[in-house]
Amino acid sequence: MADTKREIERKYEAPDGGLPELTGVPGVATVADRGITHLDATYYDTADERLAASSVTLRRRTGGSDAGWHLKLPVGPGVRDEIRSPLTDALPGELAALVRSRVRDGELLPLVRLRSDRDVRHLLDSEGRLLAEVSTDSVRAERLTGAGGEVRWTEIEVELADDGDPAFLDKVDKRLRKAGVRPSRSASKLARALADTAPQRRRRPTSAVKKTETAGDLVLAYVREQRDAIVGLDPAVRQDAEDSVHSMRVATRRLRSTFKTFRNVLDRTVTDPVADELKWLAGELGVDRDREVLTERLTDTLAEVPAGLVRGPVKERMLAWSKAEHGGAKGRLAGVLDSRRYLTLLDTLDALIADPPLVDAAGKKPAKPVARAVKKDFRKVTGLVGRALELEPGTERDLALHEARKKAKRTRYAAEAADPVLGKPARKLTASMKDLQNLLGEHQDSVMARQTLRELSAVAHAAGENAFTYGLLHEREEQRALRAEAELPGLWGRIKGGASGL
């Protein structure tokens, strides 16, 4: 069984004089010598180093107190989540799944071996509590593939104690810098080993970020950003991390919307089939997200009902429904992420980015073709909202408002993509579409809540329970929908009045 540890650390070049004295660091009462540990780690990656390209490391390590398989996923600068699994000969299946979105059909190979002599010091406060672990690592790195060589270096690593205050690392940093110690030139040992042991022919110069010079540059940058988000969120979704499914679904929708909006930049004969696959993925991701939103909405509304009006085990039935739906959706989603269809979609996105299907407008300066595409989306929203406002309250209007919401979301994503070249007008449109999306989302959530309440009521009635409270909640949801509909004309009037800046 794997477990996860949040790792917050900083790395430094080791000076000739060794580790400076650290008892002067504020808060440190004792620097305890914990001796020398010998570590031997083999790092795995594909031949084209896909994990390293994403700052992901996968290793099998012996020695020390945490021998086993370690997968490190980047969280932010100097912060990684380390997922540990017991020492075995073969890569554990649960770790293999967490790198599948990056590895796909590639073979994981032993790429680099790192052997380190780690001299450990513990920084303790006046009560003997661990503040941070400081180690001086003498490293020997050996590339295991190709004609790579060997390299040695020594570095200092400062790792914050579990649940420690990250600000403490600033205090240690200040002391080290004052002693002449400088931050490491590499983010990790593996990154340094790969750079320093690579055959000369494989060394790649660092390239500057490409400027947005054409409409194609702008759209592809946004496409690449969303593709990276989907791939990067895959491990979190598999681990059922909070908000990960929602975030992955948003990235999927943004990408699909981009293909739909910017058909004047990317050839739709190529992107339309990809957009269809993204729609499928968003739908699979949405099953559990919709349950989560509904559960929170229904239980919050129930909590507002006076106790005397709650008849029967209403909350218990809601939570039982939610748990059953979640269990089925979680298993189904794991299957989706392991499916050939999903992995093929990721491969297709990579190929599209590597060889984009650009049309004539893609080579033009971005402002005009991008603004034209965004305006076209906004006109569609205008038509849909206008039609919905002409309808009487009821099922037909509900459907029309839902369609308007979907187009508002698409227009919002288009404006986000256009921000680098359209600036303030794009940001203003993004904000107004978000307001519209939120209001229409409140309405749609009410529609879905009422449908679920009718289903729960029928089940409760069949079980011999009092269904009164479900009817009460249904009425409250209907009133929430009517309030949203009443707010729409005023909000839409303000949006239309301020939409002339594009």
For a salt bridge (Lys or Arg N to Asp or Glu O under 4.0 Å) check, start with the C-alpha distance between K365 and E213, then their side-chain angles and the critical distance, and finish with the verdict. CA-CA 6 Å; K365 294 291 184 182; E213 297 178 349; over 6 Å; no
>> Strictly below 4.0 Å, N to O, side chains only: are E477 and R480 in salt-bridge contact?
In response: yes
(request) May I have the step-by-step check of salt bridge (Lys or Arg N to Asp or Glu O under 4.0 Å) for E442 and R483, ending in yes or no? (result) CA-CA 10 Å; E442 166 67 13; R483 285 196 295 272; over 6 Å; no
Minimal heavy-atom distance between S101 and L346, with the atoms involved, is O-CD1, 3.7 Å
### Query
Side chains of Q444 and R405: do they bring a donor and an acceptor to under 3.5 Å?
no
Heavy atoms of T261 and R410 approach each other most closely as OG1-NE, 3.4 Å
For this session: State, without any angle test, whether D377 and Y413 hold a side-chain donor-acceptor pair at a distance under 3.5 Å.
Result: no
With sequence neighbours left out, the residues meeting side chain to side chain contact (heavy atoms under 4.5 Å, CB included) with E487 are L439
Fill in: Electrostatic pair R263:D272 at N-O distance under 4.0 angstrom
yes
Salt bridge (Lys or Arg N to Asp or Glu O under 4.0 Å) between D105 and R340, worked out = CA-CA 10 Å; D105 291 329; R340 172 51 45 197; 2.9 Å; yes
One should read off an interatomic distance between D163 CG and I8 CD1, to the nearest 0.5 angstrom, of 9.5 Å
Pair R249 + D243, salt bridge at N-O below 4.0 Å: no
Open item on the list: Quick one, H402 and L440 - any side-chain contact, counting heavy atoms below 4.5 Å?
Closed with: no
Show, in sequence, the C-alpha distance, side-chain angles and deciding distance for T271 and D267, and conclude whether the side-chain contact (heavy atoms from CB on, under 4.5 Å) test is met. CA-CA 6 Å; T271 59; D267 184 354; over 6 Å; no
- Look only at the side chain of S186 and the backbone of S188, and say whether a donor-acceptor pair between them is shorter than 3.5 Å. no
Note: R227-D350 ion pair, threshold 4.0 Å (strictly below)
yes
Q: Identify whether the distance between the nearest side-chain nitrogen and carboxylate oxygen of E403 and R387 falls below 4.0 Å.
A: no
Just checking, is any N or O donor in the side chain of R450 or H474 under 3.5 Å from an acceptor N or O on the other one? no
By side chain to side chain donor-acceptor pair (under 3.5 Å), E416 pairs with (sequence neighbours left out) Y222, R254
P357 and L352 have their tightest heavy-atom pair at CD-CG, 3.9 Å
Is the shortest heavy-atom distance from the side chain of L255 to the side chain of R224 under 4.5 Å? no
Determine whether V79 and E7 make a side-chain contact, defined as any pair of heavy atoms from C-beta on separated by less than 4.5 Å. no
Go through the steps for E9 and R80 under the test salt bridge (Lys or Arg N to Asp or Glu O under 4.0 Å), then give the verdict. CA-CA 9 Å; E9 64 181 18; R80 295 185 292 183; 3.2 Å; yes
When you measure from the side chain of R397 to the backbone of A388, do you find a donor-acceptor pair of N or O atoms at a distance under 3.5 Å? yes
**Q.** V459 and Y470, any side-chain heavy atoms less than 4.5 Å apart
**A.** no
For L422 and A367, the nearest pair of non-hydrogen atoms, with its separation, is CD2-O, 3.9 Å
Rounding to 0.5 Å, atoms CD (E277) and CZ (R341) come to a distance of 4.0 Å
Margin query: Counting C-beta onward and ignoring hydrogens, is there a side-chain heavy-atom pair between T214 and D217 closer than 4.5 Å?
Written below: yes
> Within 45° of the axis and under 6.0 Å from the centre of the six-membered ring of W69, does NZ or CZ of R59 qualify?
Replying inline: no
Heavy atoms from other residues, nucleotides or ligands near CD of E396 exceed 12 (cutoff 6.0 Å):
no
Test log, rule side-chain contact (heavy atoms from CB on, under 4.5 Å), inputs L333 and V287 = CA-CA 9 Å; L333 188 52; V287 172; over 6 Å; no
Give the table of side-chain donor-acceptor pairs shorter than 3.5 Å for residues 379-386, with sequence neighbours excluded, one pair per line with atom names and distance.
{"residue": "T382", "atom": "OG1", "partner": "F378", "partner atom": "O", "Å": "3.0"}

Worksheet item: Are the side chain of D355 and the backbone of A351 linked by a donor-acceptor contact shorter than 3.5 Å?
Response: no
In short, N264 meets P369 closest at the heavy-atom pair ND2-O, 2.9 Å
Could you go through the side-chain contact (heavy atoms from CB on, under 4.5 Å) check for L473 and M318 one step at a time?
CA-CA 12 Å; L473 294 175; M318 287 179 179; 3.5 Å; yes
State, yes or no, whether a side-chain contact exists between R10 and D170 at a heavy-atom distance under 4.5 Å. yes
Verify the distance criterion only: is there a donor paired with an acceptor across the side chains of D435 and S432 at less than 3.5 Å?
no
Rounding to 0.5 Å, atoms CG (D45) and OG (S54) come to a distance of 9.0 Å
In this structure, CD of E94 is separated from OG of S85 (nearest 0.5 Å) by 4.5 Å
Check your understanding: Can you tell me if R102 and T46 form a side-chain donor-acceptor pair at under 3.5 Å?
Key -> no
Exercise. Count the heavy atoms belonging to other residues, nucleotides or ligands that lie under 6.0 Å from CG of D360, then report whether that count exceeds 12.
Key: no
Check the pair D234 / Y342 against side chain to side chain donor-acceptor pair (under 3.5 Å), numbers first and verdict last.
CA-CA 11 Å; D234 179 291; Y342 168 68; 2.7 Å; yes
Look at the side chain of R238 and the backbone N and O of A97, then say whether any donor-acceptor pair between them is shorter than 3.5 Å. yes
Paired with K5, the side chain to side chain contact (heavy atoms under 4.5 Å, CB included) test is passed by just one of I83, D162, D81, namely D162
Checklist entry - Are the side chains of R476 and E304 in touch, meaning some heavy atoms are under 4.5 Å apart? => result yes
For S322 and R291, does a side-chain donor sit closer than 3.5 Å to a side-chain acceptor?
yes
Point to revise | T295 and W321, any side-chain heavy atoms less than 4.5 Å apart | key: yes
Value for CD1 (I495) from CE (M433), rounded to nearest 0.5 Å, stands at 4.5 Å
**Request:** Could you give me the CA-CA distance, side-chain angles and deciding distance for E465 and R317, then say whether side-chain contact (heavy atoms from CB on, under 4.5 Å) is met?
**Result:** CA-CA 11 Å; E465 297 168 10; R317 185 165 292 284; 2.6 Å; yes
Check your understanding: Distance-only, no hydrogens or angles: does the S244 side chain make a donor-acceptor pair with backbone N or O of A241 under 3.5 Å?
Key -> yes
**Message:** How about CD on E455, more than 12 heavy atoms from neighbouring residues, nucleotides or ligands closer than 6.0 Å, or not?
**Reply:** yes
When rounded to the nearest 0.5 Å, the distance separating CG of L194 from CG of L111 is 5.5 Å
Q. Taking the side chain from R50 and the backbone from A47, do they hold a donor-acceptor pair closer than 3.5 Å?
A. no
Next on the checklist: Just checking E242: does its CD atom have more than 12 heavy atoms from other residues, nucleotides or ligands closer to it than 6.0 angstrom?
Outcome noted: no
